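Below you'll find the structure, written out as structure tokens, and then a few comments.
Keep in mind that this is a model prediction, so the values were computed, not measured. The figures that follow rest on heavy atoms only: side chains count, while hydrogens, waters and symmetry mates do not.
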Amino acid sequence: MDGAMGLRMLLGMCLISLSALQALPARGSATGRPRGNEAVDGVVIKSMNINCKVTSRFAHYVITSQVVNNAYEAKEVAFDVEIPKTAFISDFTITEDKNAYVGNIKDKMTAWKQYRKAAILGENAGLVRASGRNMEQFTIHITISPRSKAIFKLTYEEVLKRKLGQYDIVIKVKPKQLVQKFEIDVDIFEPQGISKLDAQASFLPKDLEQTIKKSFSGKKGHVLFNPTMRQQKSCPTCSTSLLNGDFKVTYDVKRDQICDLLVANNHFAHFLAPQNLTNLNKNLVFVIDISGSMQGQKVKQTKEALLKILDDMRPEDHFDLVLFGSQVQSWRGSLVQASAANLQAARDFVQRFSVAGATNLNGGLLRGIEILNRAQKSQPMLSKHASILIMLTDGEPTEGETDRSRIRENIRNTIRGRFPLYNLGFGDKVDFNFLEAMSMENNGRAQRIYEDRDATQQLKGFYNQVANPLLMDVEMKYPKDTVVAVTQQYHKQYYEGSEIVVAGRIADHKLRSFKADVLARGGREFQTTCLVDEEEMKKLLHERGHMLENHVERLWAYLTIQELLAKRMKVEGEEKANLSAQALKMSLDYQFVTPMTSMTISGIVDQDGLGPTIDKTSEGMGSVELVGPGRMYKLSALQPSPTQSSSINMKLPDQVTGVDTDPHFIIHVPQKGVTLCFNINEEPGVILSLVQDPDTGFSVNGQLIGDEAQNEGTYFGRLGIANPATGFQLEVTPQNITLNPGSGGPTFSWMDQAVLRQDQVLVTINKKKSLVVSIDDRGTFQVVLHRVWKGSAVHQDFLGFYVLDSHRMSTRTHGLLGQFFHPFDIEVSNIHPGAHPTKLDATMVVKNHQLTVTRGLQRDYSKDPRHGTEVTCWFVHNNGAGLIDGIHTDYIVPDIF
């Protein structure tokens with residue numbers, strides 16, 4: 001059988017947090033389990049190999065899995081791996097018999113134009129998801145033809161970062177069945193020499209720990225884990241696998257010499273992590289968000305972390321605490337020494353403070369900066385300390401200055417490079433990109449603190465990384481005429497257990513004059529010069545060969561791209577465009593999937609003739625594509641003709657029909673060029689039918705909620721969207737979006753960026769803004785999220801609902817909105833001054849009713865959920881009487897679905 005004829009593909013790509021591997025066979029037979037060498041439903045993972053080669057911190061991973069279908073019918077399997085968020089995918093292939101389907105990396109715009117050909121309302125429907133804390137997930141489902149096999153091969157690369165005195169390699173293992181040949185092989189080569197190496201698997205019982213073989217000597221380290229099928233069993237008589245968890249390798253290198261300068265193929269990598277230095281004393285200010293949203297577990301965990309940090313402070317350190325809600329308050333208002341008495345007073349203050357109010361982030365940061373600046377000016381001894389500002393917030397600025405660009409400018413102009421700012425974003429409601437940009441332009445970095453039971457440990461863990469500064473104003477200099485392109489050379493502070501890495505390209509014929517000078521301030525002046533040991537480089541090349549040359553160059557490319565992406569977050573306009581162009585060129589030159597590029601796979605399309613793309617997003621921009629029966633990718637021999645029409649191609653109309661706020665219904669009548677509006681006044685808890693198509697069963701119902709603060713006005717707080725023909729249900733609230741809630745389907749928050757597909761229904765979640773539901777080619781609808789914000793007239797989050805396209809819905813569609821999907825006749829005449837001196841009245845004839853209507857204004861929030869757009873309309877009084885069929889109570893239904 002022709003292999004291309006036998007393999008059909010169902011594809012979902014995701015990016016998640018924490019490095020991990022999964023291979024999921026036979027998704028269609030969840031109950032099937034292997035018995036010894038038997039397959040799951042006829043499918044066997046014949047082999048799975050994870051190979052990692054590290055050369056001077058540059059890690060190159062290759063995951064290869066061979067899946068065999070021994071059955072006499074086609075079977076679905078899944079290749080599912082988790083990789084570090086910091087990694088770049090560089091290659092992916094699927095081989096079925098003798099046919100290879102290879103990934104091609106292109107600039108993102110070209111990839112989307114060629115393979116997706118469409119965007120949903122301006123939002124790319126990417127196949128990417130960030131999940132967990134440190135990982136990205138990549139999942140491919142394929143259908144293998146009878147008696148055939150498929151081989152998957154994924155390659156990704158990263159530079160290992162030293163934290164708390166070690167480098168970590170983490171591989172998440174979850175094959176979900178016994179594997180005939182399973183192997184993890186980690187090979188490490190470090191020119192400085194390896195000082196320690198360990199490997200552990202979270203899933204292994206103690207009696208099987210010896211199955212991990214680990215060794216190191218001199219420059220080389222090796223870890224091998226290849227359990228037999230018997231050793232993989234969760235118990236001696238079980239058919240299930242115990243391989244489910246993290247496989248972690250940790251190591252560090254020798255620091256006998258200050259200089260660690262590696263040169264190969266006209267590129268260099270310079271590593272700096274000097275030992276035996278005296279810890280610098282710290283000037284430390286914590287700026288803590290105590291707005292109302294910090295109530296409960298978050299403030300409890302924050303206090304626990306602060307108390308532990310206070311316990312770790314040294315007597316020579318100086319510190320203060322700043323709290324910000326609607327108002328800003330400080331504990332002392334100036335730096336005080338970490339004496340026993342001051343530390344106890346600070347503990348008492350931490351235990352006593354309570355949360356309330358809005359979020360004056362700008363004011364809190366400015367107060368913290370002022371305390372550090374004043375101390376450096378007025379107390380000469382403190383100017384020799386390492387000053388550090390750490391800010392924790394769980395939300396967005398809502399009090400005082402709220403414009404993010406102005407806040408960044410204020411902070412930048414007051415810090416003026418004197419000390420680093422570290423921003424900690426607690427939970428998923430923070431604008432992490434804003435926090436990250438503000439940290440980076442002030443010599444710091446941002447970190448997300450996840451709302452979980454270990455949040456206290458996360459906060460303390462971050463502090464441990466910056467608790468022991470050893471050097472300040474570290475500058476690594478290279479003769480200008482010897483280098484062409486160098487990564488960041490200046491670092492404000494160097495901390496114990498970390499490492500500074502600089503990489504660059506050496507100019508032609510300049511190797512002999514190349515050197516590195518390192519200058520820094522510490523307990524005493526720090527200065528050293530590093531020269532290239534050409535003889536040692538020749539030995540290293542002999543030992544590691546081409547891999548050394550390749551890895552040093554790719555390490556430089558990786559760091560350069562990361563820096564360009566970071567810099568473009570801080571600027572706008574032409575400067576941002578230039579940085580983007582540089583990052584794109586480097587990504588294409590070195591074939592990395594970065595936020596500037598996408599990987600396409602030749603020969604694979606879905607039923608619409610569209611191909612898959614593998615994308616990478618930045619923090620806070622993750623998206624997911626859930627794959628249901630309707631998302632099927634096929635190899636070239638099985639391609640159908642692309643369809644000519646798709647709801648994906650539609651654009652947002654200028655004027656739409658919808659319902660929003662209290663609830664105001666807006667009915668656009670395009671054939672007459674007018675807009676009508678009416679209100680429905682009902683009690684909280686009532687469920688109204690908005691759309692009901694009797695031909696297909698498709699329906700949209702909305703449940704009213706009240707304004708808790710004012711006890712008047714109602715808004716939609718819950719929507720149920722159902723398509724019974726395919727079993728699709730979607731429940732939407734201001735908090736969550738749940739797919740198929742009756743059968744325990746997945747739940748998403750409004751912080752997710754996601755694309756969900758089930759049969760003919762496509763749902764796009766646009767983070768913190770809206771979601772769009774497309775029903776095949778019949779209709780497209782939008783749900784708008786309204787969040788409470790300072791100054792809002794409403795005191796409770798609610799939803800708006802808009803009809804973007806309905807021209808192919810059944811002519812029998814009904815509901816408060818559905819009855820207006822198709823043309824109806826109206827005439828407006830006799831426009832004259834009304835009872836209200838500023839408003840006009842008119843006579844409107846509609847549906848054999850003659851009504852008095854009033855000229856008014858409503859707001860359409862379909863394009864701008866925060867401010868909306870004014871819409872002039874003719875207002876129909878008395879709950880739309882005469883305009884809607886029957887009376888408004890006819891539209892009350894018992895259930896949301």
### Task
Write down the atom of Val179, the atom of Pro175, and the distance for their closest heavy-atom approach.
CG2-CB, 3.8 Å
### Query
Salt bridge between Arg57 and Glu190, side-chain N to carboxylate O under 4.0 Å?
yes
### Task
Using the side chain to side chain donor-acceptor pair (under 3.5 Å) rule, take Thr86 and Glu158 through it: C-alpha gap first, then chi angles, then the decisive distance, then the call.
CA-CA 6 Å; Thr86 53; Glu158 66 171 335; 2.8 Å; yes
### Message
As a quick check of understanding, evaluate side chain to side chain contact (heavy atoms under 4.5 Å, CB included) for Asn226 and Leu224, giving each step before the final call.
### Response
CA-CA 6 Å; Asn226 54 354; Leu224 181 66; 4.0 Å; yes
### Message
Other residues, nucleotides and ligands only: do more than 12 of their heavy atoms fall within 6.0 Å of NZ on Lys46?
### Response
no
### Message
Between Lys163 and Glu499, does any side-chain N to carboxylate O distance fall below 4.0 Å?
### Response
no
### Message
What I'd like to find out is whether the side chain of Leu197 reaches to under 4.5 Å of the side chain of Thr250, using heavy atoms alone.
### Response
no
### Task
Identify whether the distance between the nearest side-chain nitrogen and carboxylate oxygen of Lys196 and Asp252 falls below 4.0 Å.
no
### Task
Scan side-chain atoms only and decide if Thr747 and Thr738 contain a donor-acceptor pair under the 3.5 Å cut-off.
yes
### Message
Do Ile63 and Asn49 make a side-chain contact, defined as non-hydrogen atoms from C-beta onward lying under 4.5 Å apart?
### Response
no
### Message
As an exercise, state the distance from CG of Leu164 to OH of Tyr495, rounded to the nearest 0.5 Å.
### Response
13.0 Å
### Query
Just one of Glu157, Arg554, Gln591 clears the side chain to side chain donor-acceptor pair (under 3.5 Å) bar with Ser90, so which one?
Glu157
### Query
Using the ring of each side chain (for Trp, its six-membered ring), is Tyr156 parallel, tilted or perpendicular to Tyr61, with breaks at 30° and 60°?
parallel
### Task
Take Ser234 and Thr240 through the side chain to side chain donor-acceptor pair (under 3.5 Å) test and state the conclusion after the steps.
CA-CA 6 Å; Ser234 52; Thr240 54; 2.5 Å; yes
### Query
Are the side chains of Phe225 and Phe182 in touch, meaning some heavy atoms are under 4.5 Å apart?
yes
### Query
What is the minimum heavy-atom distance between Ser587 and Thr594, and which atoms define it?
OG-OG1, 3.0 Å
### Query
Thinking salt bridges, do Lys214 and Asp198 make one under a 4.0 Å N-O criterion?
yes
### Task
Could I get the full list of side chain to side chain contact (heavy atoms under 4.5 Å, CB included) partners for Lys153, not counting sequence neighbours?
Val62, Thr64, Thr93
### Query
Would Val763 and Phe728 count as a side chain to side chain contact (heavy atoms under 4.5 Å, CB included) if you check the C-alpha gap in whole Å, the side-chain angles of each, and the deciding distance to 0.1 Å?
CA-CA 11 Å; Val763 180; Phe728 171 85; 3.8 Å; yes
### Message
Is it the case that over 12 heavy atoms from other parts of the model lie below 6.0 angstrom from the NZ atom of Lys429?
### Response
no
### Message
Go through it in stages, so that I can follow the logic: the residues are Lys298 and Glu451, the test is side chain to side chain contact (heavy atoms under 4.5 Å, CB included), and I'd like the CA-CA distance, side-chain angles, deciding distance and then a yes or no.
### Response
CA-CA 7 Å; Lys298 282 190 281 192; Glu451 289 188 60; 4.0 Å; yes
### Message
Does the plane of the ring in Phe88 sit parallel, tilted or perpendicular to the ring in Tyr558? Use 30° and 60° as the thresholds.
### Response
tilted
### Query
Between Pro227 and Gln231, what is the shortest heavy-atom contact and its length?
CA-OE1, 3.3 Å
### Query
Asp394 and Val430: which non-hydrogen atoms are nearest, and at how many Å?
C-CG1, 3.3 Å
#### Entry: Test log, rule side chain to side chain donor-acceptor pair (under 3.5 Å), inputs Asn423 and Ser439
CA-CA 6 Å; Asn423 285 326; Ser439 285; 3.0 Å; yes
### Query
Got a sec: does the NZ of Lys213 have more than 12 other heavy atoms crowding it under 6.0 Å?
yes
### Message
Between Val223 and Phe247, is there a side-chain heavy-atom distance shorter than 4.5 Å?
### Response
yes
## Note on the structure
The reported gap from OG1 in Thr560 to CG in Asp589 (rounded to nearest 0.5 angstrom) is 11.5 Å
### Query
How far does OG of Ser56 sit from CG of Leu160, to the nearest 0.5 angstrom?
11.0 Å
### Query
Do Ile94 and Ile151 come within less than 4.5 Å of each other through their side chains, counting heavy atoms only?
no
### Any side-chain donor near an acceptor of the partner, His60 and Asn550, under 3.5 Å
no
### Task
Begin from the C-alpha positions of Tyr590 and Trp556 and carry the test side chain to side chain contact (heavy atoms under 4.5 Å, CB included) through to its verdict.
CA-CA 11 Å; Tyr590 289 89; Trp556 163 75; 3.3 Å; yes
### Query
With a 4.5 Å heavy-atom cut-off, do Thr155 and Ile89 have their side chains touching?
no
### Task
Work out which heavy atom in Lys220 is nearest to a heavy atom in Phe189; give both atom names and the distance.
CG-CD1, 4.0 Å
### Query
Heavy atoms, side chains only, cut-off 4.5 Å: are Leu459 and Ile449 in contact?
yes
## Note on the structure
Scanning both residues in full, the closest heavy-atom pair of Phe203 with Asp246 reads CE2-O, 3.9 Å
### Query
Is there side-chain contact between Val102 and Ile601, with at least one heavy-atom pair below 4.5 Å?
no
### Summary
One should read off an interatomic distance between Lys174 NZ and Ser241 OG, to the nearest 0.5 angstrom, of 11.0 Å
### Query
Are the aromatic rings of Tyr251 and Phe216 close, with centres under 6.0 Å apart?
no
### Query
Once you round to the nearest 0.5 Å, how far does CZ of Arg568 lie from OG of Ser580?
3.5 Å
